[in-house]
2 protein chains.
Amino acid sequence: MYTVKEAARRTGLTEHAIRFYTDKGLVPSVQRDEHNVRMFDEQSIDWLYGIRCLKQSGMSIETMKTYVDLCLEGEATVARRSAIMLELKQQAIAELEEANRRIAHLEEKTALYEAILEQRSLDTTNPGTWERLRKFHGDVFYAPAPVSGQGSSSELKKIKS
Amino acid sequence: MYTVKEAARRTGLTEHAIRFYTDKGLVPSVQRDEHNVRMFDEQSIDWLYGIRCLKQSGMSIETMKTYVDLCLEGEATVARRSAIMLELKQQAIAELEEANRRIAHLEEKTALYEAILEQRSLDTTNPGTWERLRKFHGDVFYAPAPVSGQGSSSELKKIKS
DNA sequence: GGCTTGCCTTCGTGTTACACGAAGGTCTTA
DNA sequence: TAAGACCTTCGTGTAACACGAAGGCAAGCC
């Protein structure tokens with residue numbers, strides 16, 4: 001039987017996290033001794049490993065609770081658990097796509113900054129100067145179509161050089 | 001000049017978010033009228049668009065504040081702003097890799113579940129039953145090395161097939 | 001004048017998954 | 001008997017808002 005500290009050492013989780021998980025009911029086999037101290041047996045350690053794994057998969061605590069409860073019900077719930085994992089995978093794929101969009105977006109911006117630094121372009125990344133720039137290329141900074149264009153300035157050429 | 005509601009309509013942000021951003025100092029050009037009501041001019045709308053864009057890039061509010069302040073200082077800060085964007089891109093790339101890891105991980109799990117559902121494998125996804133399974137293949141569920149290794153994974157081939 | 005409607009304000013709580021510290025209890029050891 | 005090490009619970013803080021409450025203000029309507 002292990003204390004929180006030992007369980008932390010064995011699982012790689014922090015003591016705080018382990019208390020948090022046990023309090024959330026994610027470690028069904030955990031017991032308390034006569035001084036109300038959490039005691040972990042091998043099965044509890046297994047559960048903690050499982051939790052850590054689910055966390056790595058991006059599962060929320062709430063879903064973990066559902067998942068754990070389904071596990072306790074036994075093999076009859078395999079299909080439902082499978083569905084949870086599939087949904088999680090869909091979510092991960094969505095995050096992947098989001099990350100890809102961000103990178104593409106940031107790629108543009110960093111390229112733009114590079115151009116500015118090399119004096120090849122105007123500074124369109126500062127919203128404070130858009131009024132001056134709007135009529136030329138006011139939509140480099142942000143992805144969707146910006147405000148309806150008005151505003152003018154002729155000192156731009158000076159910067160362009 | 002626009003109210004919060006109109007600014008929300010024009011920028012696609014919620015009214016709550018707009019109040020939040022203005023209170024954080026991310027919209028330097030915003031004013032208040034005689035009744036303490038926020039008033040947005042075209043430049044304020046530009047700033048809001050910029051904020052929305054930065055948010056889409058995954059930038060934190062704190063960093064946005066830094067970024068906005070740098071913008072206000074003018075073109076002398078282009079290099080520092082560029083550095084912020086580069087860092088953000090690195091972060092996005094890291095998130096991308098994390099998402100890829102998750103998907104690979106979940107791919108295994110969903111495949112395993114499929115195998116279980118097709119009666120081709122034991123249920124190794126339930127930590128509550130690992131005691132029974134540990135001697136067979138206790139490390140399918142979680143990614144890193146599990147409990148101090150006893151048990152072999154020689155039965156894995158049967159599942160993989 | 002008074003009421004309703006609609007917009008605005010500030011303030012305060014809830015969210016997620018813990019991190020962190022405080023205050024206090026218990027056991028062991030010097 | 002006191003220190004040290006460990007545990008407990010409780011409470012606050014985090015990020016980026018969402019949401020609702022309570023209240024102010026102006027305009028329109030009867």
Side-chain angles (χ1 to χ4, degrees), chain A residues 1-27 30-41 44 47-68 87-88 91-92 94-95 98 102, chain B residues 1-27 30-41 44 47-48 50-68 84 87-88 91-92 94-95 98 102:
Chain A
M1 299 291 253
Y2 310 96
T3 65
V4 168
K5 184 163 205 170
E6 290 161 339
R9 194 180 47 73
R10 285 200 60 186
T11 59
L13 296 163
T14 68
E15 300 178 34
H16 281 293
I18 289 176
R19 292 201 187 90
F20 183 79
Y21 292 146
T22 56
D23 293 352
K24 290 284 176 182
L26 299 182
V27 190
V30 74
Q31 304 289 330
R32 300 285 185 137
D33 74 1
E34 69 272 22
H35 304 300
N36 201 29
V37 173
R38 294 174 187 81
M39 299 297 292
F40 299 84
D41 58 11
S44 307
W47 280 106
L48 286 173
Y49 269 114
I51 297 306
R52 202 183 74 168
C53 176
L54 294 177
K55 193 186 74 172
Q56 281 171 2
S57 303
M59 191 183 283
S60 73
I61 296 293
E62 197 183 346
T63 307
M64 284 187 204
K65 176 62 176 158
T66 304
Y67 189 88
V68 166
E87 194 179 338
L88 209 55
Q91 184 186 311
E95 279 168 29
E98 173 67 19
R102 272 188 193 169
Chain B
M1 300 289 256
Y2 311 98
T3 66
V4 168
K5 183 162 205 172
E6 290 161 339
R9 193 181 49 73
R10 286 199 58 187
T11 59
L13 296 164
T14 68
E15 299 178 33
H16 280 293
I18 289 176
R19 292 200 187 92
F20 182 78
Y21 292 146
T22 56
D23 292 353
K24 290 282 175 183
L26 299 181
V27 191
V30 73
Q31 305 288 333
R32 301 284 186 137
D33 73 1
E34 69 273 20
H35 303 300
N36 202 29
V37 172
R38 294 176 187 80
M39 299 298 291
F40 300 84
D41 58 11
S44 306
W47 280 106
L48 287 172
I51 298 306
R52 200 182 75 167
C53 176
L54 294 177
K55 193 185 75 172
Q56 280 171 3
S57 303
M59 191 182 284
S60 74
I61 297 291
E62 198 184 344
T63 307
M64 283 187 204
K65 175 62 176 158
T66 304
Y67 189 88
V68 166
I84 289 174
E87 195 180 338
L88 208 57
Q91 184 187 310
E95 278 167 30
E98 172 67 18
R102 270 188 195 168

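For clarity, every value in this text was computed on a predicted model and none was experimentally measured. Values reported hereafter were calculated over all heavy atoms of this structure, with side chains retained and with hydrogens, waters and symmetry mates removed. Proteins get letters first, then strands, A, B, ... in listed order; numbering begins at 1 in each.
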task = Please work out if A:E15 contacts a base, only the sugar-phosphate, or nothing of the nucleic acid, heavy-atom cut-off 4.0 Å.
result = sugar-phosphate
query = A:Y67 side chain to A:I51 main-chain N or O, any donor-acceptor pair under 3.5 Å?
reply = no
ask   = Rounded to the nearest 0.5 Å, what separation is found between the NZ atom of A:K24 and the CE atom of A:M64?
value = 11.5 Å
key: Rounded interatomic separation in angstrom, taking NZ from A:K5 and P from C:dC27   = 19 Å
note = Taken to the nearest whole Å, CG/A:N36 to P/C:dT26 is 11 Å
query = Distance check: side-chain N/O of A:S60 vs OP1/OP2 of C:dT16, anything under 4.0 Å?
reply = no
request  = Report the distance from atom CD of A:Q56 to atom P of C:dA17, rounded to the nearest whole Å.
outcome  = 15 Å
remark   = Between CZ of A:F20 and P of C:dA19 the distance, given in whole Å, is 9 Å
remark   = B:I18 atom CD1 is separated from D:dA18 atom P, nearest whole Å, by 11 Å
inquiry  = Base, sugar-phosphate or nothing for B:R38? Non-hydrogen atoms, less than 4.0 Å.
reply    = sugar-phosphate
message = Rounded to whole Å, please give me the gap between CE in B:M39 and C1' in C:dC7.
response = 12 Å
Heavy atoms from other residues, nucleotides or ligands near CD of B:E15 exceed 12 (cutoff 6.0 Å) = yes
Could you run down the sub-3.5 Å N/O contacts of the protein with nucleotides 20-27 of chain D?
unit_1, atom_1, unit_2, atom_2, d
D:dA26, OP1, B:H35, NE2, 3.1

remark   = A:M1 CE to D:dC7 P, in whole Å, measures 15 Å
message = Would you say CD of A:E6 has more than 12 non-hydrogen atoms from neighbouring residues, nucleotides or ligands within 6.0 angstrom?
response = yes
query = Out of C:dC8, D:dA18, C:dT16, which has the shortest distance to the side chain of B:T14?
reply = D:dA18
query = Under 4.0 Å: is that the gap between some side-chain N or O of A:T3 and OP1 or OP2 of D:dC7?
reply = yes
query = When you check the phosphate oxygens OP1 and OP2 of C:dT10, does a side-chain N or O of B:R32 lie under 4.0 Å from one of them?
reply = yes
ask   = Taking C-beta and beyond as the side chain, do B:V37 and B:M1 meet within less than 4.5 Å on heavy atoms?
value = no
inquiry  = At less than 4.0 Å, is any side-chain N or O atom of B:Y21 found next to OP1 or OP2 of D:dC17? Yes or no.
reply    = yes
ask   = Between C:dG14 atom C1' and A:E62 atom CD, what is the distance in whole Å?
value = 13 Å
request  = Report yes if a side-chain nitrogen or oxygen of A:R19 is closer than 4.0 Å to either non-bridging phosphate oxygen (OP1 or OP2) of D:dT8; otherwise report no.
outcome  = yes
message = Check the phosphate of D:dC17 against B:K24, side-chain N and O only, distance under 4.0 Å to OP1 or OP2. Yes or no?
response = no
key: Nearest-neighbour nucleotide for the A:V37 side chain, D:dC7, C:dC8, D:dA18 considered   = D:dC7
message = Quick check against the 3.5 Å criterion: does A:R52 have a side-chain atom that pairs as donor or acceptor with the backbone of A:T11?
response = yes
